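Structure record follows, encoded as structure tokens.
Not measured: the values here are computed from a predicted model. Chain identifiers are assigned alphabetically (A, B, ...) following the order of the sequence lines, protein sequences preceding nucleic acid strands; residue numbering begins at 1 within each chain.
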Protein chains: 2
Amino acid sequence: MVGRPAVPEVIWARPERAGRGPRPAFSRADIAAAAVRIADAEGLDAVSMRKVAAELGCGTMSLYNYVPRKEDLYELMLDAVSGGYEFPEPSGDWRADLIALAHQAREMMQRHTWVPRLMSPVYGFSPNALRYLEYSLSCLDGVDARFGEKMELIAMVTSVVTTYVANEIATAERSRSLPWSEEQEHAARTGYLISQIATGKYPRMAAAFAEDPGPIDLDGVFDRALRRVLDSFDR
Amino acid sequence: MVGRPAVPEVIWARPERAGRGPRPAFSRADIAAAAVRIADAEGLDAVSMRKVAAELGCGTMSLYNYVPRKEDLYELMLDAVSGGYEFPEPSGDWRADLIALAHQAREMMQRHTWVPRLMSPVYGFSPNALRYLEYSLSCLDGVDARFGEKMELIAMVTSVVTTYVANEIATAERSRSLPWSEEQEHAARTGYLISQIATGKYPRMAAAFAEDPGPIDLDGVFDRALRRVLDSFDR
DNA sequence: TCGTAGTTACGTACACCGTACGTAGTGCGG
DNA sequence: CCGCACTACGTACGGTGTACGTAACTACGA
């Protein structure tokens, strides 16, 4: 088979090993691991087909035997890091269970800072994504709510985790591709912000800046946001 | 000035017109409008320095006189579409005001489907972003809460809007870059999903699929999520 | 008033990207 | 055992962001 299918295809529906031909030199897990290694070390933008192939020690175009499109490589990566979740037996306290799961997700994203950028509902059907979803639902087994409501809760928790981690790591990730340090970037931006506030056009922000409450407690902000979301479903 | 500064720089701190030299042929607004036009018509990935320059009718490298880096072009684009907000006098009902603002944001993102992908806290300091923030704060003037709490609420509303619109438009945006239609893509993915559910490994999802509640009411889901967030700050 | 420094304009060039295509070799199914 | 489906991979194409060099132009300092 040379050339790509003219019909849409989910990579997970493809068998890893075809019947004929020589046995493949790598598994999907090998490829995903190589890509994850590169993304962790050099950022998502450094993940190119050439670099992944080099990491594996094969020709660039050989990769296309395993992954029909680069998008599918992203899907493999997400599924690979989602394989690290632990799914303990639900305790009966669904709030505690979902909080624990959200903390796992947050820590995973902090280890793999490129995950928030790839998070998208179209990637929501990989094997490990399905396991995650099924487990989330199992935590809500005792809750009297329609399926739709449960899904809305799970989506909202995911949303909170993703965007909050994205915020935490944004400047650090950004400075990776820039010719100056994170601190210099931060200094330039706050300098500009202060100059703007000094114009008097933003009195409420000015008042807040005058207070100066000290450094932000990221863990606290995250936990509060999470608890609020759970509370809002817990009339 | 040839070559780029070795020191970080916020594009908004640059004067639009330098003292010396010939007068620039374009304004920042011209450039942003051209880029927005391309992104609206062909998607964010179609926005390249060459295409924007062609749209403006100038040489590619001339753009770098206005925009030191492509990232800054994105910042111009976000600021441009944020210029369309209307900020009516707060009514005194902060919930209603924030809901109205969130609806404006959602409609803007539905018009400019590339916005969620660019949303990031590092772009949060453009002139129109500051106006948006200041207005959000003004809606909360009568609320008895610390500045930090208000910011957490605003961040959470933004998060809900961004991720929900991103979900709404995900498959449509994705199919733009694929050689098959949105419907074919959807069919392939649900086909795979059904085959997975049929394995019996996901009993809760299977049960939900058996019910089949009909099409999802996107507006309703969005409004419920929004109201829940607001409720959670409204003890 | 007149250099001249700093700006605008932009063509060329480089390194890198995703991937279409062609060819060679390999091993299972009929 | 034949033939086909598969793996492997080199080459090449059209695209990207942008460094660099050069020419034209204008506002300011002397």
Would you please confirm or rule out a distance under 4.0 Å between OP1 or OP2 of [N] and any side-chain N or O of [X]?
X: S62(B); N: dT8(C); answer: no
X: S48(B); N: dT16(D); answer: yes
X: Y64(B); N: dC20(D); answer: no

Exercise. Are the side chains of Y74(B) and L44(B) in touch, meaning some heavy atoms are under 4.5 Å apart?
Worked result: yes
Exercise. Is V52(B) touching bases, backbone alone, or none of the nucleic acid, heavy atoms closer than 4.0 Å?
Worked result: nothing
Exercise. What does A25(B) touch in the nucleic acid at a heavy-atom separation under 4.0 angstrom: a base, only the sugar-phosphate, or nothing?
Worked result: sugar-phosphate
For this session: Indicate, yes or no, whether a donor-acceptor pair under 3.5 Å links the base of dG17(D) to the side chain of R50(B).
Result: yes
For this session: Could you list the residues that satisfy side-chain contact (heavy atoms from CB on, under 4.5 Å) with R20(A), not counting sequence neighbours?
Result: none
Rounded interatomic separation in angstrom, taking [atom1] from [X] and [atom2] from [N]:
X: N65(A); N: dA20(C); atom1: CG; atom2: P; result: 13 Å
X: L73(B); N: dT16(D); atom1: CG; atom2: P; result: 13 Å
X: R23(B); N: dC25(D); atom1: CZ; atom2: P; result: 15 Å
X: I38(A); N: dC16(C); atom1: CD1; atom2: C1'; result: 14 Å
X: E16(B); N: dT7(C); atom1: CD; atom2: P; result: 15 Å
X: D72(B); N: dG17(D); atom1: CG; atom2: C1'; result: 13 Å
X: F26(B); N: dC10(C); atom1: CZ; atom2: P; result: 8 Å
X: L63(B); N: dT16(D); atom1: CG; atom2: C1'; result: 14 Å

For this session: Assign each of M61(B) and R17(A) to its nearest nucleotide of DNA chain C by heavy atoms, then name whichever residue's nucleotide is nearer the 5' end.
Result: M61(B)
Any idea which of [options] is nearest the [X] side chain?
X: P22(A); options: dG25(C), dG18(C), dC9(D); value: dG25(C)
X: C58(A); options: dC9(D), dA8(D), dA9(C); value: dC9(D)
X: Y66(B); options: dT19(C), dT8(C), dT18(D); value: dT8(C)
X: R20(B); options: dG3(D), dG6(C), dA9(C); value: dG6(C)

For this session: Assign each of P24(A) and D45(B) to its nearest nucleotide of DNA chain D by heavy atoms, then name whichever residue's nucleotide is nearer the 5' end.
Result: P24(A)
Problem set entry | Test item: side-chain donor near acceptor, Q104(A) and E86(A), under 3.5 Å | no
Problem set entry | Check: Y192(B) ring centre within less than 6.0 Å of F125(A) ring centre | no
For this session: Would you sort out whether S126(B) and D79(B) count as a side-chain hydrogen bond (donor to acceptor under 3.5 Å, both in side chains), showing the intermediate values?
Result: CA-CA 6 Å; S126(B) 79; D79(B) 189 68; 2.6 Å; yes
